[in-house]
Amino acid sequence: MAKTFVVFDFETVSACDLKVSGASAYAEHPSTDVLCLCFKVGGQQPEKWVPHHDSNDRLISLIRAGAVFVAHNAAFEKSIWKYIMVPRYGFPPIPLEQWHDTMAVCAMRAVPQKLDAVVRTLNLPGEKDMAGSRFTISLSTAYRKKGEYDRSKEALDRVVAYCHKDVEEQTLLHYRMGWLPPGERKVWLMDQLTNERGIGLDIPYIRACQKIITDTMTPLAAEFTSLTGLSVGQNAKIISWANGRGMALENLRKETIDDLLGSEDEEPDLSDNTEVRMPWEVRRALTIRRMIGSSSVKKLQAMDRVTNSDGRARYALNYHGTAPGRWAGRLFQPQNFPRPILHYDDPKFSDQEKADLVVSVLRTGDAEFVRGVFGDSFSAVITGLRHAIQAGKGKMLVAGDYAGIQARVVLALAGQHDKAAIMAAGKDIYCDMASQIYKRPIDKKRDPEERHIGKNAVLGLGFGMGAKKFFDNYCEGKGLEFSFIEHVIKVYRNEWAPMVPRLWRGLTTAATKAVWNPGTAYSHGPITYKVIDKWLTARLPSGRLIWYFDPIKSREAMPWDEFDIRASFTFKAWKNGRMKEVKAFGGLLTENVVMGIERDIMVDGWTKLEAAGFPVIMNVHDELVCEPDAAMADHKVMEQIMSDGPAWAKEMQIPIAVEGWTSPWYRK
DNA sequence: CGGCAATGCGCC
DNA sequence: AAACGGCGCATTGCCG
């Protein structure tokens with residue numbers, strides 16, 4: 001691309017906390033202002049723009065000339081431009097097509113997104129001016145605490161020096177990483193369009209829910225403290241407190257506590273259970289903790305904080321936040337809203353009517369009333385959490401999700417088309433699997449337990465899980481023999497989907513060869529591995545690449561036999577805030593590729609929806625949510641658009657089915 | 001006080 | 001023969 005590019009970086013000051021509010025709400029906050037903008041045109045010397053000191057002309061002519069503005073985390077620079085530079089300082093808007101984000105490239109290539117971390121990872125010369133960074137941040141901290149900050153020339157010079165250094169660093173990063181490839185450039189532009197639209201949040205509803213939580217929690221939290229002397233979050237201390245009262249507890253995980261207290265709201269029948277002789281105060285404390293310990297209601301506060309004055313939260317989705325290419329959630333993590341936990345199975349009500357009822361009752365903000373209607377106000381709020389996302393005026397939410405997509409993709413990719421066809425025909429695949437396990441016909445109504453084993457097998461065994469893990473994950477307290485689980489695993493691998501283990505093997509072999517012979521391409525089916533630069537890449541059927549950083553050939557003993565040592569490789573991945581070595585193996589490689597294919601199917605649907613007048617506002621990996629005009633809101637249309645998968649998916653014989661809903665508020 | 005690691009929990 | 005993976009956030013508790 002022989003276009004002029006301008007690497008640029010703002011330093012700002014504000015009484016608003018960027019980490020708490022997110023880029024968009026931060027930029028809109030009235031106290032937020034630009035300290036300086038540093039920019040570097042191509043290989044030229046860095047330049048600066050300081051409000052009220054420097055002329056706008058230079059930047060305006062760059063914008064008019066169609067220069068590309070390169071930022072690291074463009075969401076921030078774009079937001080400052082939109083909310084401050086245009087209205088306050090009279091600059092013209094910069095069209096979306098004139099932005100580029102080095103962070104997006106880092107995300108795609110599976111290296112850290114944080115500037116200082118990626119500079120270290122790639123061994124780029126120089127380093128981030130941490131002292132300058134701290135100094136700049138300290139201005140905002142002072143502003144927040146004392147209502148004023150150091151506006152001296154010396155302070156500004158220090159900030160400008162830091163900003164110059166950052167721009168130099170970002171320029172090196174841009175030279176090292178380059179642009180997004182054309183396909184991903186289109187995806188990123190679509191991502192930005194979606195993130196700019198934002199997610200509509202019903203703030204009065206959110207505040208009513210918060211009031212219910214406060215009113216419900218305050219007395220219970222006080223009771224907990226008077227019983228234990230602790231708060232509900234102090235897990236380690238709660239455990240030793242309980243242990244000190246003769247109640248042995250290993251952890252406070254939900255499952256452990258449910259087993260102890262009984263999984264329903266009622267007290268368990270103690271006459272039936274001689275092992276559990278729990279002191280009443282321990283029982284009461286654990287019951288309270290179970291009721292109010294869920295931190296998912298903290299989303300309410302987060303949603304409130306990050307929402308712009310027009311009622312929309314922006315940049316809550318992070319392009320390519322995961323290595324295989326899925327989006328990651330930010331700010332209030334819109335991708336992990338709890339599923340409804342209120343159980344009212346009244347068949348008179350549809351899911352939509354249930355959602356409507358929950359919203360109208362919660363909107364009162366009256367904890368007593370909510371308890372009267374639903375029994376438990378806390379559970380009601382958790383159930384209603386999703387509904388905080390609402391359609392704008394004259395709009396409607398329409399959603400569609402790809403049914404059973406993971407199982408469909410892994411089976412089709414493996415070439416196990418007989419089983420994929422069963423799913424395509426809409427038959428019960430879990431009963432099919434269970435029938436093969438139990439060697440007799442399994443009926444959904446008559447044999448729910450058997451079918452459940454079949455379901456876990458279909459969903460869980462596609463990526464090489466072994467008997468031990470399967471047993472630990474799905475079989476606790478069910479009285480199943482370990483040898484039976486070994487049988488289940490054997491049936492899946494040898495009888496039900498024998499092509500799938502071949503896929504694990506094939507991908508392992510191809511990827512390992514590619515690492516051991518850099519530059520040469522090795523394929524298994526439609527997947528091709530090849531080392532490019534410092535990365536191993538996997539080419540997916542869509543043509544997109546998945547990237548693995550720093551692959552290194554190794555020899556590894558197999559977990560099932562320490563003397564079975566094979567050619568293998570490791571790579572590095574971002575985990576818990578650092579680059580960690582990861583051992584490659586068949587299940588992992590298969591899962592990455594499958595997730596990548598699912599993502600590309602979703603991107604295909606997303607693209608078609610945008611073209612058809614269904615503006616997308618968010619995705620949850622296999623689910624797209626749109627916000628069209630109410631007049632054209634019809635999930636049947638959406639299902640049709642999404643079901644027509646990409647040409648390459650047809651070629652692979654991936655059966656695609658979509659299930660949707662239409663609603664004024666987000667729901668399951 | 002902020003940064004960082006560990007733990008727990010929500011989703012696909 | 002055969003190893004589930006991918007995330008973000010809140011909280012505590014420790015460190016400098």
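Every chain is numbered from 1 and lettered A, B, ... according to where its sequence line falls, protein lines coming before strand lines.
Checking E184(A) against Y319(A) by side-chain atom types alone, a donor-acceptor pair falls below 3.5 Å. Side-chain contact of W327(A) with D191(A): a donor-acceptor pair under 3.5 Å is present, judged by distance alone. No hydrogens or angles considered: nothing links the side chains of S643(A) and Y402(A) as a donor-acceptor pair under 3.5 Å.
Residue K580(A) is the one, among R386(A) and K580(A), whose nearest nucleotide of DNA chain B lies closer to the 5' end (criterion: closest heavy atom). Residue whose closest nucleotide on DNA chain C sits further toward the 5' end, between D564(A) and E591(A): D564(A). Projected onto DNA chain C by closest heavy-atom contact, R566(A) and R330(A) fall at different nucleotides, the more 5' of which corresponds to R566(A). Mapped onto DNA chain B by nearest heavy atom, Q406(A) and L252(A) fall at different nucleotides, with L252(A) at the one closer to the 5' end.
Nearest to the side chain of N235(A), among dG8(B), dC11(B), dA3(C), sits dG8(B). Closest contact between the side chain of P559(A) and the listed nucleotides dC12(B), dA3(C), dG6(C) involves dA3(C). Side-chain atoms of W560(A) lie closest to dA1(C) of the nucleotides dG5(C), dA1(C), dG2(B). The nucleotide whose nearest atom lies closest to any side-chain atom of P338(A) is, among dG6(C), dG10(B), dA10(C), dG10(B). In this structure, of dG8(C), dG6(C), dG13(C), it is dG6(C) that holds the atom nearest to the side chain of K575(A).
The partner of dC4(C) cannot be assigned: no Watson-Crick or G-U wobble pair with both contacts below 3.5 Å exists in any strand.
The phosphate of dC9(B) (OP1 or OP2) has no side-chain N or O of K298(A) nearer than 4.0 angstrom. The shortest distance between the side-chain N/O atoms of K668(A) and the OP1/OP2 oxygens of dC12(B) is below 4.0 Å. Q333(A) has no side-chain polar atom (N or O) that falls below the 4.0 Å cut-off from OP1 or OP2 of dC7(C). Within the structure, every side-chain polar atom (N or O) of R326(A) is placed at least 4.0 Å from both OP1 and OP2 of dG6(C). Remark: R505(A) is not in phosphate contact with dA1(C), judged by side-chain N or O atoms under 4.0 Å from OP1 or OP2. Phosphate contact (OP1/OP2 of dA3(C), side-chain N/O of R493(A), threshold under 4.0 Å): present. In this model, the phosphate group of dT12(C) is approached by a side-chain N or O of S231(A) to a distance below 4.0 Å at OP1 or OP2.
Across all strands, S296(A) comes closer than 4.0 Å to no nucleic acid atom at all (heavy-atom distances). At the heavy-atom level, F337(A) lies under 4.0 Å from the strands shown only through sugar-phosphate atoms. Across all strands shown, G464(A) has heavy atoms under 4.0 Å from sugar-phosphate atoms exclusively, and none from any base. Heavy atoms of L331(A) sit under 4.0 angstrom from primed sugar atoms or phosphate atoms, though from no base atom. Within 4.0 Å (heavy atoms only), G466(A) reaches sugar-phosphate atoms of the nucleic acid but no base atom. Contacts of K583(A) with the nucleic acid, taken as non-hydrogen atoms under 4.0 Å apart, are absent. Within 4.0 Å of R144(A), counting heavy atoms only, lies no atom of the nucleic acid at all. The residue A236(A) sits apart from the nucleic acid: no heavy atom pair falls under 4.0 Å.
Of the residues listed (V491(A), I485(A), I489(A)), the one engaging H487(A) in a side-chain contact (heavy atoms from CB on, under 4.5 Å) is V491(A), and it is the only one.
Atom-to-atom, CG of N318(A) to P of dG8(C) comes out at 7 Å; the value is rounded to the nearest Å. Put simply, CZ on F471(A) is 17 Å from C1' on dC4(C), counting in whole angstrom units. Between I239(A) atom CD1 and dT7(B) atom P the separation is 11 Å, expressed in whole Å. If you measure from atom CZ of R578(A) to atom C1' of dC7(C), you get 18 Å, rounded to the nearest angstrom. With rounding to whole Å, R599(A) atom CZ is found 17 Å from dG5(C) atom C1'. Here dG10(B) presents its C1' atom at 12 Å from CD1 of I341(A), a figure rounded to the nearest Å. Rounded to an integer number of Å, the gap from CE of M618(A) to P of dC12(B) is 10 Å. Atom CH2 in W574(A) sits about 20 Å away from atom P in dG5(C), given to the nearest Å.
Figure legend: K299(A) and F337(A) shown as a cation-pi pair, the cationic atom lying under 6.0 angstrom from the six-membered ring centre and within 45 degrees of its axis.
Within 6.0 Å of atom CZ in R144(A), more than 12 heavy atoms from other residues, nucleotides or ligands are found, so the atom counts as buried in its surroundings.
Taking both residues in full, the closest heavy atoms of W535(A) and R109(A) are given as NE1-O, 2.7 Å, listed atom of the first, atom of the second, then distance.
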